[in-house]
Amino acid sequence: MPGFELFGDLERKEVNDVLDNGVLMRYGFDGMRKGHWKAKELESELASTFQSKYVQLVSSGTAAVSVALASAGVGAGDEVIMPTFTFVASFEAIMMLGAIPVLVDIDDTLTLDPNAVEKAVTPKTKAVMVVQMCGSMANMDALRSICIKHNLIFVEDACQAIGGSYKGRPLGSIADLGCFSFDFVKTITCGEGGAVVTNNKEYYINADHYSDHGHDHVGNDRGAETHPFLGYNFRISELNAAVGLAQVRRLPEFISIQKKKYTIIREALSQIPEVTFRSVPEGGEESYAFLNFFLPDLVSARKVSKALKDDGIDGCFHYYDNNWHYVRKWDHLTNLKSLYPISKEVKEGLLYLQTKSFEQSDHFIGRNISCLIKLSWSEEEVTNRANKMAQIIKTIN
């Protein structure tokens, strides 16, 4: 994925602006800034990129999910439906608010299965959070319909899919609230950072206040601002925002590079009868950050995964055996290994994980190989890589 592979003069210029004025905080110190407001500029650029009215920058993608949910009123005892395949940040962000993550199966998109979502809705369900994993998307129309039917908040975590689109809309801009991460290994990076995207003014104002200790941001005297409600500190710094500002302006360049390299590898693997590819909903276009394909069964996927590593093909993941991204290895969640007491509601709400199995998810993740697309590969390198991958798969299958 990462934009960090192509840092250059644009990033250096934006960072030097901040170092020149010495103001690293995004709020206040107006007289010292020499006209530079990197976080504000980045929010404006992101609003244009995501075709959305409002953007609130925060300190991480994890913070973005928590802030988005809190801004829509999700809290203690509420259930939030989420997928079995995601990053651990998804359930962390939900539980931080005292809400209950309800894990449901994925389908061959590698994202939420609408049928599984429908079956999981209860009177306690407050929101559905789709996670656009590995550069692609779920059937957003189907999920939207479910949310409308049951009067649920629809949240879109597009942290791994910036630059993708669905029926002409940028991923992250389709649900009631969208979440992005700009950490060090995302397509565009701030080093650390994230954003909440929405067209709902109330949610935006809530996110703006909540992410900065409840400050109302009215006027030019930070000390005189009021606090309409409780908040926390999820601010981004001007240095982080400066890097992101340069990077978001390069997003079309990054996506174009990823698409070319993705296409070379996909064309090579398409010649292998045993290889099939993840399903992309009609009207969707991936961000080309990852190439995801399926092998016939778990055994062959494990063999191919090992062979790729042994032959020096890096960045290809078999998530079935991964500790971070798939429910099968989330023992710390199942066993509630926490530094502090977990609330009674959350404890009781997560009891289902003691006995719940996810055969459908196992079926897809067990056979999946997910290969990131590096910006820094030369065309010769990516062609050689594609041929090596194809030869390994053919040999094993």
Does the distance from a Lys or Arg side-chain N to an Asp or Glu carboxylate O, for Asp141 and Arg144, drop under 4.0 Å? no
Between the side chains of Glu359 and Ser357, does any donor sit under 3.5 Å from an acceptor? yes
May I ask you to check whether over 12 heavy atoms, not counting those of Tyr232, lie within 6.0 Å of atom OH? no
Between Gly135 and Phe290, the two heavy atoms sitting closest are N-CD1, 4.3 Å
Taking the six-membered ring of Tyr27 as reference, does the NZ or CZ atom of Arg235 fall below 6.0 Å from its centre and within a 45° cone about the axis? no
Does the side chain of Thr111 come within less than 4.5 Å of Ser136's, by heavy atoms? no
Around atom CG of Asn151, are there more than 12 heavy atoms from other residues, nucleotides or ligands closer than 6.0 Å? no
So does Leu351 have more than 12 non-hydrogen atoms from other groups sitting under 6.0 Å from CG? yes
Do other residues, nucleotides or ligands put more than 12 heavy atoms under 6.0 Å from Gln354 CD? yes
I would like to know whether Asp9 and Lys13 meet salt bridge (Lys or Arg N to Asp or Glu O under 4.0 Å); could you show each step before the answer? CA-CA 6 Å; Asp9 291 341; Lys13 186 269 180 189; over 6 Å; no
Is Leu372 reachable from Ile365 through a run of hydrophobic residues whose side-chain heavy atoms are each under 4.5 Å from the next? yes
Check step by step if side-chain contact (heavy atoms from CB on, under 4.5 Å) holds for Met389 and Ile369. CA-CA 11 Å; Met389 289 175 65; Ile369 302 288; 5.9 Å; no
Candidates His213, His217, His215 - the one meeting ring-ring contact (aromatic ring centres under 6.0 Å, His included) with His227: His215
Would you check if the side chain of Asp113 reaches a backbone N or O of Asn115 as a donor-acceptor pair within less than 3.5 Å? yes
Decide whether Leu333 and Val80 are clustered together by the hydrophobic rule: side chain heavy atoms of Ile, Leu, Val, Met, Phe, Trp, Tyr closer than 4.5 Å, transitively. yes
Residue that, paired with Val117, satisfies side chain to side chain contact (heavy atoms under 4.5 Å, CB included) out of Thr125, Leu143, Val102, Val130: Leu143
Looking at every non-hydrogen atom in both residues, tell me the closest pair between Arg367 and Pro296 and how far apart they are. CD-O, 3.3 Å
Hey, are Glu45 and Arg249 close enough for a salt bridge, meaning a charged N less than 4.0 Å from a carboxylate O? yes
Measure the shortest side-chain to side-chain distance between Pro281 and Thr109 over non-hydrogen atoms and say whether it is less than 4.5 angstrom. yes
Tell me whether Arg169 contacts the main-chain N or O of Gln51 through its side chain, where contact means a donor paired with an acceptor under 3.5 Å. yes
What one should report as the nearest heavy-atom pair of Ala68 and Leu177 is O-CD1, 3.5 Å
Between Leu10 and Val15, is there shared hydrophobic-cluster membership here, with clusters defined by ILVMFWY side-chain heavy atoms closer than 4.5 Å? no
Quick check against the 3.5 Å criterion: does Asn199 have a side-chain atom that pairs as donor or acceptor with the backbone of Lys53? yes
Flag the pair Val327 / Lys356 as yes when at least one side-chain heavy-atom distance between them is below 4.5 Å, and no otherwise. no
Asn233 atom CG: more than 12 heavy-atom contacts under 6.0 Å: yes
Thr189 side chain to Asp183 backbone, donor-acceptor under 3.5 Å: yes
Hey, are Thr62 and Glu92 close enough side-chain-wise for a donor-acceptor pair under 3.5 Å? no
Is the closest side-chain heavy-atom distance between Leu295 and Arg302 below 4.5 Å? no
Take Arg250 and Glu11 through the test salt bridge (Lys or Arg N to Asp or Glu O under 4.0 Å) and record every step on the way to the result. CA-CA 10 Å; Arg250 301 180 69 187; Glu11 287 82 1; 3.0 Å; yes
Could Lys261 and Glu381 be called an ion pair, given the rule that one side-chain N must be under 4.0 Å from one carboxylate O? no
From Glu43, Glu14, Glu238, residue fulfilling salt bridge (Lys or Arg N to Asp or Glu O under 4.0 Å) relative to Lys38: Glu14
Any sub-3.5 Å donor-acceptor pair from Ser173's side-chain atoms to Pro170's backbone N or O? yes
Would you kindly say whether Gln132 and Tyr166 are connected by a side-chain donor-acceptor distance under 3.5 Å? no
Are Phe364 and Phe85 close enough that their ring centers fall under 6.0 Å? no
Of the non-hydrogen atoms in Leu171 and Ala161, which two are nearest, and what is the gap between them? CD1-CB, 3.7 Å
Side-chain (Glu156) to main-chain (Gly172) donor-acceptor, under 3.5 angstrom: yes
Hey, are the side chains of Cys159 and Lys186 touching, using non-hydrogen atoms and a 4.5 Å cut-off? yes
Taking the side chain from Thr383 and the backbone from Glu379, do they hold a donor-acceptor pair closer than 3.5 Å? yes
Heavy atoms only: give me the nearest Ala127-Leu69 pair and the separation to one decimal. CB-CD2, 4.3 Å
Side-chain donor-acceptor contact under 3.5 Å, His150 with Glu118: yes
Give the ring-plane orientation class for Phe184 versus Phe4, where under 30° counts as parallel, over 60° as perpendicular and anything between as tilted. parallel
Below 4.5 Å, heavy atoms only, C-beta onward: do Lys303 and Val299 meet side chain to side chain? yes
Among Asp108, Leu110, Val280, which residue satisfies the side chain to side chain contact (heavy atoms under 4.5 Å, CB included) criterion with Asn292? Leu110
Test Asp20 against every option in Arg33, Lys34, Arg12 by the salt bridge (Lys or Arg N to Asp or Glu O under 4.0 Å) rule and name the one that passes. Lys34
Would you check if the side chain of Ser256 reaches a backbone N or O of Pro252 as a donor-acceptor pair within less than 3.5 Å? no
With hydrophobic residues grouped by side-chain heavy-atom distances under 4.5 Å, do Met95 and Ile100 end up in a single group? yes
Could you check whether any side-chain N or O of Ser52 sits under 3.5 Å from a backbone N or O of Tyr54, counting only pairs where one atom can act as donor and the other as acceptor? no
With Arg328 as reference, evaluate Tyr320, Tyr319, Phe358 under the side chain to side chain contact (heavy atoms under 4.5 Å, CB included) test and give the passing residue. Tyr320
Could you tell me whether the side chain of Ile272 reaches within less than 4.5 Å of the side chain of Lys394, counting heavy atoms only? yes
Show the numbers, then the answer: is there a side-chain contact (heavy atoms from CB on, under 4.5 Å) between Leu239 and Leu19? CA-CA 8 Å; Leu239 279 175; Leu19 295 176; 4.0 Å; yes
When clusters are formed by joining ILVMFWY residues with side-chain heavy atoms under 4.5 Å apart, either directly or through shared neighbours, do Val67 and Leu97 land in the same one? yes
Side chains of Asp331 and Thr334: any donor to acceptor distance under 3.5 Å? no
Under 3.5 Å: donor-acceptor pair, side chain of Asn206, backbone of Ser71: yes
Salt bridge check: are Asp314 and Arg385 linked by an N-O gap of less than 4.0 Å? yes
What heavy-atom pair brings Gly163 and Ser287 nearest, and what distance separates the two atoms? C-CB, 4.0 Å
Side-chain contact, heavy-atom cut-off 4.5 Å: Trp37 with Asp30? yes
Can you classify the ring geometry of Phe229 versus His209 as parallel (below 30°), tilted (30 to 60°) or perpendicular (above 60°)? tilted
Is it true that atom CZ of Phe277 has more than 12 heavy atoms of other residues, nucleotides or ligands lying nearer than 6.0 Å? yes
